[in-house]
Amino acid sequence: MLDKKTATAMQGTAPIIAATGVGYTLDVASRPLQILKDVSLRVQPAEVVAIIGPSGSGKTSLLMLLAGLEQPTAGEIVVAGQRLNDLGQDELALFRRRNVGIVFQSFHLIPSLSALDNVALALEIASPRLGLAQSRAAAADALKAVGLGDRLTHRPSALSGGEQQRVGLARAMIAEPKLLLADEPTGNLDQASGAVVIDLMFDLARTRRTAVVLVTHDATLAARADRVFSMTRGELTETTGTHA
Ligand SMILES: Nc1ncnc2c1ncn2[C@@H]1O[C@H](COP(=O)(O)OP(=O)(O)O)[C@@H](O)[C@H]1O
Ligand SMILES: [Mg+2]
């Protein structure tokens, strides 16, 4: 038996992602199309990992698998101690609400809702027991944290791209996920707005120990991550330190 202190220390270093030998093959026009081959990835709490690679190489597919939105056809994916292979659709949905935040390239905000309600809604879905007032108060805090305290009542159409992406980030973080998955989150932003969004992700990783997996085509951004991986035709290779 481990004593309590050792057990706690070990828990502290348990990876958020432990993906081993992951394959993803789809039947396309009744032929197997291999999208991911033998992908392994471990990510620790508070770690920021960047994935670069050409279009069509499998980056988004990997994020979908890590989010439990698709199931691998080979290998094992453990996120926050849960073996995703073992979970059914409903359990996966619940798992995502509790553990995973997702930021997309295009912001996917609800156009008819204010910034505040876009974020509050995500929290209500994650924590249905919170009342509306509490969800809104937490959403206001989250928006202040991303520098949008004076944009709470704005609808997405009245916000710049960078501001919309920051709302997307606040929404992804509001339920304090252990894992944040970001798919080219700066792809639609100018360099300055992109840098702000990335700075916020690093802040969140450092202050809340959120593990971040960031897909980007921007090598300069990738170089800021703790570790960098390259995806080529479905194969993931660590290239930390080999990029400019
Ligand atoms: N549902 C699907 N059906 C058929 N092909 C798919 C599907 N999802 C992804 N692909 C193919 O898998 C490859 C990898 O796609 P994707 O993961 O989106 O790459 P990336 O994000 O690196 O651009 C592409 O060739 C894409 O066309
Ligand atoms: Mg993609």
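Atoms within each ligand, like the ligands themselves, are counted from 1 in listed order.
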As a test of the contact definition, would atom 3 (N) of ligand 1 count as having a protein heavy-atom neighbour under 4.0 Å?
yes
By number and element, which atoms of ligand 1 are closer than 4.0 Å to a non-hydrogen atom of L33?
5 (N)
So for atom CD, which belongs to E91, do other residues, nucleotides or ligands contribute more than 12 heavy atoms lying within a distance under 6.0 Å?
yes
Can you tell me the protein heavy atom closest to atom 19 (O) of ligand 1 and the distance?
G58 N, 3.1 Å
Taking atom CG of D90 as the centre, report whether more than 12 heavy atoms of other residues, nucleotides or ligands fall under 6.0 Å from it.
no
Would you say I35 has any N or O atom under 3.5 Å from an N or O of ligand 1, going by distance alone?
no
Enumerate the atoms of ligand 1 whose separation from the nearest heavy atom of S57 is less than 4.0 angstrom.
19 (O), 20 (P), 22 (O)
Examine the side chains of D190 and S193 and answer whether a donor and an acceptor come within less than 3.5 Å of each other.
yes
With heavy atoms and a 4.0 Å threshold, my read on which part of L26 contacts ligand 1 is side chain
Taking the basic N atoms (NZ, or NE/NH1/NH2) and the acidic carboxylate oxygens, is any pair closer than 4.0 Å for D150 and K144?
no
Any idea which atoms of ligand 1 are less than 4.0 Å away from a heavy-atom of V28?
4 (C)
Is there a side-chain contact between L33 and R31 in this structure, where contact means two heavy atoms from C-beta onward sitting under 4.5 Å apart?
no
When you check the gap from the basic side-chain N to the acidic O, do D199 and R224 get nearer than 4.0 Å?
yes
Which protein heavy atom lies closest to atom 17 (O) of ligand 1, and at what distance to 0.1 Å?
S61 OG, 2.6 Å
Got a sec: is T60 within less than 2.8 Å of the Mg ion (ligand 2) via an N/O/S atom?
yes
Within 6.0 angstrom of R233 CZ, more than 12 heavy atoms from elsewhere:
no
Note: heavy atom closest to atom 25 (O) of ligand 1, options A29, G53, G56, P54, belongs to G56
Tell me the contacting part of T60 for ligand 1: side chain, backbone, both, or neither, using a 4.0 Å heavy-atom threshold, strictly below.
both
Measure the shortest side-chain to side-chain distance between F202 and V212 over non-hydrogen atoms and say whether it is less than 4.5 angstrom.
no
